[in-house]
Structures are given as C-alpha cells and as structure tokens.
Chemist: 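Following this message is one structure expressed as structure tokens.
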Amino acid sequence: MARHLITSAIPYINGIKHLGNLVGSQLPADLFARYQRARGNEVLFLCATDEHGTPAELAAAKAGKPVAEYCAEMWEVQARIAEGFRLSFDHFGRSSSDQNRKLTQHFAARLDDAGLIREVSEKQMYSHADGRFLPDRYIEGTCPNCGFESARGDQCDNCTKQLDPVDLINPHSTISGSTDLEMRETKHLYLAQSKMKDQLEEWIDTRDSWPVLTTSIAKKWLNDGDGLQDRGITRDLDWGVPVMKGDAPWPGMEGKVFYVWFDAPIEYIACAQEWVDAGKGDDWQRWWRTDKGAEDVRYTQFMGKDNVPFHTLSFPVTILGSGEPWKLVDYIKSFNYLNYDGGQFSTSRGRGVFMDQALEILPADYWRWWLLSHAPESSDSEFTWEGFQQDVNKDLSDVLGNFISRVTKFCRSKFGETVPDRGAPGPLEQKLFKDMDAKLTEYEAHMDAIDIRKAAAALRALWVMGNEYLQEAAPWSTIKENPEQAATQVALALNLVQFYGIISAPFIPDAAATIAAAMRHEDTRWPQSLDEALGRLEPGHAFTVPDNLFTKITDDQRADWQARFAGTRS
RNA sequence: GGGCCUGUAGCUCAAUUGGUUAGAGCAGGGCGCUCAUAACGCCUUGGUUGCGGGUUCAAGUCCUGCCGGGCCUACCA
C-alpha cells in the first residue's frame, strides 16, 4: 500500500477566498487525496490557515478585534467553508499554533548552527502615526518617474518602474494616510539561500517530470541576475512567531517575529503534529521523518504559481539546511489562474464568486465538477456564467444525472425496485466491458499523473458509454419480445449506476454518496476489473429511485448571478 | 526593461514531444429513439494552427522577427 502525504498551499487568514484560490490548490489537492484513498492507499492530507503578517494585523484592526481573536474567528469561517466544499483534510491547522511556533524556532536554531543565518542591519520606513514599520507596498506617493500619484513603495502601478519608498515624492502611509514617516535602522535575520544554490539546483534538476510551470519559475529565481538571493526571514511586527533560537532568546532580535513565508511552510509539518495532538492520529513522524518511517512516503504539494518560489527554494533550504532527515517534496503540482468573465477575480473589488457565496447558490458538487474539469493547468482559464451553466447542465444533469434517472425509473416501472435476474452477457455487453475497461485505465492513468482536466474528460466519457449502451440495448424495446434479455440489460445498467458512484466520488462526493445510498450499497472499493465492479449488485438486491441528482441551472438564475457577482461585493 | 508561459473550430481545450487527412466536448444543422431531468443516440457543418520569414523529405510542434494575452521580477501573502 502506497503512502501519500498531500498538502495544499495554506490560504491566508484575512478573508474568504474566491473560486480562483480554491481551484489553484485546495480543490485539486482534495481530488488527489480522495482518489488515493479510494485506491486503498494511505493518505495524510493537510491544510491550514496562514495567519501571520501585516495584512492580518490590519484586517483585525479594521474589524476592531485583537488579532488573535480575529484569526480564531476567521479560521472557523474558513474551516466551515472547507467542509461545505467537502475538502477532506485530515486536519485543518493554524500556522499560529504552538506546534508551529516551536518548530519554526527549532528550524531557525538549526539553520543558524549550520551557518545559514546572518544578521543584516538595514533601514526601513517607520510610521509614527501607525506605530509600526511599513512594508514598501503600504507606502504610497507620487512616482518620481512618471508623476503617477498613487505609486506604491515597491513599484509604480502606472509605469511599472521598480521603486524604493524613499524615491517617492510626498510619501504617506496607506493605512493612516500619515506623512510622518522616517527611515529607521533595524536589524534582521537573513536566510543564506545563496550558499545552497548548487545543492538546490541539483535537487530540482533531478526531480522527475515536474510541471514546466514549476521548474521554470524555480530556475528563474536560481539563475536570474546575480543568482539566488538571501532572504530576510524576520519582521518588525507583534503578530507572528517570536524570533527565538530554539528555546533560547536571540540577542538583538527582541520584539521581532519570523516572516510569514518562513513559518508558513513549516506549518505543513506542524500541522501533522496538530493532527496527532487533536487525537486524529498517533504518529506524525512516520510521515515527515525519513529516519522514522517516512522514507516510503510520496509527498505531493499543490499550489498556485505565485507560491512556487517559496516551495521550490526557501522551504527546501529550510529543510536541507537543517541537516535533519525531514521529508522533501516529491512532486509539486502548480496551477495558473482562473479568470472571471474577461478579467481577474478581485478580492478588493469584490469581483467574481467567493467561496461562501458559491455555496449559497449551488451545492458543492456543481463547483467541484466545473472547476476541476477546467483546472488552469496549462494556462490561465476562464470562468463565464454561460459556460458554467452549459457545462454543468450537460455533464451533470443530462449525461450523468439523467442516466441514473432513466435506468432506475425504467427498472422500477417494469421490474420493481430490485435488481432483476441477469443472464449471460451478449456481444453488446462484452464490447461495453472492453471499451469501459480501456477508458477506466485511461482515467486512472490521468488521476495518477494528476492530469486533472484529462481525468475529468475520461470520467465523462465513461458516463457517456452508459447512455450509448442503453440506446443500443434499448430495454424498452427488448422487454416486449424478450423480457429476460431486458432484465439482463437493466441489471447491468443498475450496476453501471453503482459503478459511476464509486469512480466519480473524488470529483463529486455528495452525488456519489447519494448514489450509494439509493442503490443501498455502501461498498466503495475501487473497481478491480469491470467484470467484478459491474457484478456487485446481484439479482434480488433492493434499491430506491433517487431524486434527480442535479437540477439544472435556469437562464433566469444565470442572469441573476451574472448581475450579482459582476461588481462590488456587498 | 528582463525572464517565463500562452495564441489551434463561434466557445473551452487536445494533438503520443518533428511524422499520414490537426482531434474532442459544448454551441449550430439533420435524422433516430421514447426508458429518462425537452433528456439520450447517430450523422454532420465548422480550421491558411495570431502574422511574416527560415530549417527540414516532413512544422501546430524547431529557429527568427513582429502582434496580442498572462504571470513573475525577491518588502503583499
């Protein structure tokens, strides 16, 4: 039995994520986790909230709450929405956990012992009115290059010139508007990534068939300009993991915290500890320590393309640099972005559909199916309401839902709600078995390779085969001349229904559960062969006709939603 | 500016890594079926592969120059 450690990029705490965020990490990770479990493999699937950093502090201030309280509440909100989408995390942790604090401090100590941490004294913009150092992008002013008045301290949005906050004319804080700013000396810890450049590059070069997107981004960072740069891993903030060297104070670093991008990936490990401490498991080290049972684990990470540098470079430096036998990632599945109706999803402008809103208007399966079957794997992809309505109605209602409906209702009217007696398969059935066997193999191959759109297409093709078979077998005709043959055909078709529930479960778990309940057969073992899988419902087995699995999206609904989500989120 | 990705049918995407006549789904058109959610099946229209050069027996695929879209560019996370 293979063992799969699966992590999704951890969503930031300051608000509810949109569908683009969902399809870029959590949802495909869940698909893979569900599939591997269904195949009978051992899976540990982890996700968490990423809670530290300036944006969290500001969001909390805006909500008028202490940041810890704000984060605790938002964690609840995100956890509930994740359940709504049926994201099957074994544990949904928090980067602010004690476990992560200790582990982050531990890694920092190990890295320092290995000579991979250096102190750097630098000047940063301090705002007296805000009482804090400000990241460059929280400072705005007039661009010295083009005169644009809302240029950010890191880059001018108008002329795209790279800036330094001191370059700005009339700089002010975007938080308070204050112009009472000064450059202050401050000391920070830097992770000496450059020392490990060769080791990193060798590691990346030996990774097998990673997505182009993943390796090209990593290579760029490794070789661009002067090569891989060292990176500041501390910040002057209150909210975060206090800078400590293991259990000991870090002289000169009092009052500082680690940078979120240092502690966030470490949460992948800490989350496994949280999983154990929550009583859900009893040994996290056999997933994370190659000296304690993790050498046969296959570790797969899922993330949007913006997260790739941290997962291919910084986090591996943390792991490798520690000199301890932690499990390194085996495969990084990265995604492009999902656009919304000709533009980008926008959190700030409320453009697009957010996870909570999506669940308010339609069940999770609709979103799961559409998003996964259109996952932005090779390039950015696009959500339009027309496309969504058409695809979901056709695939889920017409092809799959209607198949289940026509089969179960036909059987009920002619044979009652039990599986009828079944004779030997004829040529038509043998051909079906052969074709489906090939398509199932293809489906499994795509799922194994995490080729999501191709997997969805193969699954849909399997659904279509049921309709093709029914059309050709035409039990509504054969029943007039040859009731035994009709019975055989219907018994097979009922088994197809059951079979579809099992193989579709990773994509549409709720519908799969409904099918299993209706067929009164909770056996979800993955098919060993078509013969075996299509023989599980035996003659005489009772079932019930389910309600229509998927109601169609009407034109009125579509128009309504289109208008509702076009602009500002209320 | 630099780097990477991308451009294939009205729409969303394929094309075994240079190999026959560029394929699917949706949408459109025709026929069939009547079990079913006006569903299903079969057939079918539709392409100068963004544009111009080049390499090659052979180019959607490689090179080059334009044009368009996107992302990243290290202090948002």
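As a basis for the values below, the full set of heavy atoms in this structure was taken, side chains included, without hydrogen atoms, waters or symmetry mates. Order of the sequence lines fixes the chain letters, A, B, ..., with proteins taken first and strands second; residue numbering starts at 1 for each chain.
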Chemist: Taking C-beta and beyond as the side chain, do E377(A) and F335(A) meet within less than 4.5 Å on heavy atoms?
Modeler: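 Yes; the side chains approach each other to less than 4.5 Å.
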Chemist: Paired stems touching RNA chain B, three or more consecutive Watson-Crick or G-U pairs with both distances under 3.5 Å?
Modeler: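 In RNA chain B, stems of three or more pairs: B:1-7 with B:67-73, B:10-13 with B:23-26, B:28-32 with B:40-44, B:50-54 with B:62-66.
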Chemist: Using the rule for Phe, Tyr, His and the six-membered ring of Trp, do F410(A) and C35(B) stack at under 5.5 Å and under 30°?
Modeler: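 Whether judged by distance or by angle, F410(A) falls short somewhere, so it does not stack on the base of C35(B).
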Chemist: Expressed as a whole number of Å, how far does the C1' atom of G54(B) sit from that of G18(B)?
Modeler: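 Pairwise C1' distance, G54(B) against G18(B), rounds to 16 Å.
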Chemist: Considering only C72(B), A74(B), A36(B), which nucleotide approaches the side chain of K220(A) most closely?
Modeler: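 For the K220(A) side chain, the nearest candidate turns out to be C72(B).
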Chemist: Do S176(A) side-chain atoms and S173(A) backbone N/O form a donor-acceptor pair below 3.5 Å?
Modeler: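 Between the backbone of S173(A) and the side chain of S176(A) there is no qualifying donor-acceptor contact (under 3.5 Å).
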Chemist: Under 4.0 Å, counting only non-hydrogen atoms across every strand here, what does F133(A) touch: a base, just sugar-phosphate, or nothing?
Modeler: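 Answer is nothing: F133(A) stays at 4.0 Å or more from every strand.
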Chemist: Ignoring hydrogens and angles, answer whether the base of A39(B) and the side-chain atoms of N402(A) contain a donor-acceptor pair closer than 3.5 Å.
Modeler: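 By the distance-only test, no, there is no pair.
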Chemist: Quick one: side-chain hydrogen bond (donor to acceptor under 3.5 Å, both in side chains) partners of R453(A), sequence neighbours excluded?
Modeler: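 R453(A): side-chain hydrogen bond (donor to acceptor under 3.5 Å, both in side chains) contacts with S378(A).
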Chemist: Among U34(B), C40(B), C76(B), find the nucleotide with the atom closest to the side chain of Y138(A).
Modeler: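 It is C76(B).
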Chemist: Ignoring hydrogens and angles, are the base of A77(B) and the side chain of W261(A) linked by a donor-acceptor pair under 3.5 Å?
Modeler: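 Pair found.
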Chemist: Using heavy-atom distances to pick each residue's nearest nucleotide on RNA chain B, tell me which of C411(A) and K123(A) is more 5'.
Modeler: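 The residue whose closest nucleotide sits nearer the 5' end is C411(A).
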Chemist: Nucleotide by nucleotide, 5' to 3', does protein get under 4.0 Å of the base (B), only the sugar-phosphate (S), or neither (-) in nucleotides 11-16 of chain B, counting heavy atoms?
Modeler: -SSSS-
Chemist: Heavy atoms under 4.0 Å, any strand shown: does V464(A) hit a base, just sugar-phosphate, or nothing?
Modeler: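 V464(A): backbone/sugar contact only, no base atoms under 4.0 Å.
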Chemist: For U8(B), is chi within 90° of 0 (syn) or not (anti)?
Modeler: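 What U8(B) shows is an anti base, its glycosidic angle lying more than 90° from 0.
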Chemist: Under 4.0 Å, counting only non-hydrogen atoms across every strand here, what does E51(A) touch: a base, just sugar-phosphate, or nothing?
Modeler: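 Since no nucleic acid heavy atom lies under 4.0 Å of E51(A), the category is nothing.
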Chemist: Would the number of heavy atoms belonging to other residues, nucleotides or ligands and lying under 6.0 Å from CD of E472(A) be above 12?
Modeler: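 Atom CD in E472(A) is not crowded, with 12 or fewer foreign heavy atoms closer than 6.0 Å.
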Chemist: For G15(A), answer base if it contacts any base atom (sugar-phosphate contacts may also be present), sugar-phosphate if it contacts only those atoms, and nothing otherwise; contact means non-hydrogen atoms under 4.0 Å.
Modeler: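 Since no nucleic acid heavy atom lies under 4.0 Å of G15(A), the category is nothing.
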Chemist: Which is true for D398(A) with a 4.0 Å heavy-atom rule: it touches a base, it touches only sugar-phosphate, or it touches nothing?
Modeler: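 Sugar-phosphate, backbone atoms only, no base.
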Chemist: Mind checking if D50(A) touches a base, just sugar-phosphate, or nothing, with heavy atoms under 4.0 Å?
Modeler: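 Touches sugar-phosphate only.
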Chemist: With C1' as the reference atom in both, quote the distance from G23(B) to U16(B) in angstrom, rounded to an integer.
Modeler: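 The answer is 13 Å between these two C1' atoms.
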Chemist: Using the side-chain heavy atoms of S405(A), tell me which of these nucleotides is nearest: C35(B), A74(B), U37(B).
Modeler: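 When the side chain of S405(A) is considered, U37(B) is the closest of C35(B), A74(B), U37(B).
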Chemist: Looking only at atom P, what distance separates G19(B) and A77(B), rounded to whole Å?
Modeler: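 Pairwise P distance, G19(B) against A77(B), rounds to 46 Å.
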Chemist: Counting only heavy atoms from other residues, nucleotides and ligands, does the tally under 6.0 Å from CD of E481(A) exceed 12?
Modeler: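 No, not enclosed.
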